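Everything quoted here is computed from the prediction, not taken from an experiment.
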Amino acid sequence: QVQLVESGGGLVQAGGSLRLSCAASGRTFSSNSMGWFRQAPGKEREFVAAISGSGGITYYTGSAKGRFTISRDNAKKTVYLQMNSLKPGDTAVYYCAAAGVVVTTRAMEYEYWGQGAQVTVSS
C-alpha cells in the first residue's frame with residue numbers, strides 16, 4: 001500500500017508560482033514512478049507530468065512544458081510539482097499518483113492516488 005498526501009495548493013494571480021508537494025508513506029517509494037494529474041470543473045482528469053523512480057526520466061503535457069517542473073526526493077519520499085507562469089486555465093484540482101516502475105502518462109496505469117489539492121489562478 002502507498003498513501004499519498006498533497007499539499008501546497010492555493011490561490012495565486014496569473015503569472016505567479018506555486019509548488020505542490022506529495023508525501024508518500026507505505027512501501028518503498030523509489031521503485032514507483034510518480035505522476036501529477038489535474039481535473040478542472042466539468043472536464044476529465046488529464047495528465048500533467050510524470051517522473052521515473054530515479055528521477056532521470058520526466059514527461060510533461062504540452063501545456064506544462066517550460067512552465068512546470070516535476071522532481072522528487074526519494075530520501076523524503078516526496079514528489080514536487082513546481083508551477084511557474086500560471087494561467088487561469090491551470091485552475092484545477094491537482095492529484096499525485098503512484099504507478100509501477102515504468103513511467104506512464106496514462107491515468108489507468110496509476111494504482112495509488114492522493115486526495116487532491118486545489119489550485120486556483122485568478123486573472
Side-chain angles (χ1 to χ4, degrees):
Q1 285 284 346
V2 176
Q3 293 79 42
L4 304 172
V5 179
E6 300 97 335
S7 61
L11 173 64
V12 64
Q13 288 188 331
S17 299
L18 281 175
R19 188 177 81 157
L20 300 179
S21 299
C22 174
S25 60
R27 67 179 194 186
T28 303
F29 174 74
S30 61
S31 62
N32 293 99
S33 60
M34 299 293 294
W36 286 96
F37 292 77
R38 67 186 181 187
Q39 187 166 20
K43 295 187 177 181
E44 293 186 353
R45 189 171 299 188
E46 64 174 356
F47 168 77
V48 177
I51 189 167
S52 62
S54 67
I57 299 172
T58 57
Y59 294 149
Y60 296 93
T61 190
S63 62
K65 286 181 181 178
R67 300 191 300 129
F68 294 4
T69 302
I70 188 171
S71 62
R72 65 191 296 160
D73 184 333
N74 286 342
K76 295 182 179 179
K77 292 190 175 181
T78 302
V79 62
Y80 306 97
L81 184 68
Q82 176 67 44
M83 304 184 291
N84 299 328
S85 302
L86 283 162
K87 305 174 183 179
D90 295 317
T91 295
V93 177
Y94 283 70
Y95 299 89
C96 76
V101 173
V102 177
V103 186
T104 178
T105 64
R106 301 175 65 189
M108 64 183 298
E109 296 181 1
Y110 284 81
E111 185 174 3
Y112 302 101
W113 293 82
Q115 82 288 351
Q118 177 69 48
V119 171
T120 303
V121 184
S122 64
S123 57

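- Side-chain rings of F68 and W36 stay apart, their centers remaining 6.0 Å or farther from each other.
- The side-chain heavy atoms of R72 and T78, taken from C-beta on, include no pair separated by under 4.5 Å.
- The minimum heavy-atom distance between S52 and G56, with the atom names listed, is OG-N, 3.2 Å.
- At a cut-off of 3.5 Å, with distance as the only test, no side-chain donor of T69 or Q82 sits close to an acceptor on the other residue.
- Proximity of a side-chain donor or acceptor of N32 to a complementary backbone N or O of M34 within less than 3.5 Å is not detected.
- Of the possible polar contacts, one joining the Y60 side chain to the I70 backbone as a donor-acceptor pair under 3.5 Å is found.
- Aromatic rings of F37 and F47 (six-membered ring for Trp) have centroids within the 6.0 Å cut-off, being under it.
- With hydrogens and angles ignored, the 3.5 Å screen pairs no side-chain donor or acceptor of N74 with any backbone N or O of K77.
- When all heavy atoms of A99 and T104 are compared, the pair lying nearest together is CB-CG2, 4.2 Å.
- Under 3.5 Å, the side chains of Y80 and R19 contain no donor-acceptor pair of N or O atoms.
- In the hydrophobic clustering of ILVMFWY residues, with side-chain heavy atoms under 4.5 Å counting as a link, V79 and V93 come out apart.
- R45 places no side-chain N or O within 3.5 Å of a backbone atom of Q39 that could act as its donor or acceptor partner.
- Within the 3.5 Å criterion, the main-chain N or O of G53 finds no donor-acceptor partner in the side chain of S30.
- For the side-chain contact (heavy atoms from CB on, under 4.5 Å) criterion with M83, the lone passing option out of V12, L18, D90 is L18.
- Looking only at atom types and distance, the side chain of S122 has no donor-acceptor partner in the side chain of Q13 under 3.5 Å away.
- A single hydrophobic cluster is not seen to contain both Y94 and Y110; linkage of ILVMFWY side chains at heavy-atom distances under 4.5 Å, directly or through other members, places them apart.
- Side-chain atoms of T61 never come within 3.5 Å of backbone atoms of V48 as a donor-acceptor pair (strictly under, hydrogens ignored).
- In this structure a side-chain-to-backbone donor-acceptor pair under 3.5 Å is present from E6 to G116.
- Contact annotation: the side chain of K65 never approaches that of R67 to less than 4.5 Å [non-hydrogen atoms, C-beta and beyond].
- Judged purely by atom type and a 3.5 angstrom limit, S21 has no side-chain atom pairing as donor or acceptor with the backbone of S7.
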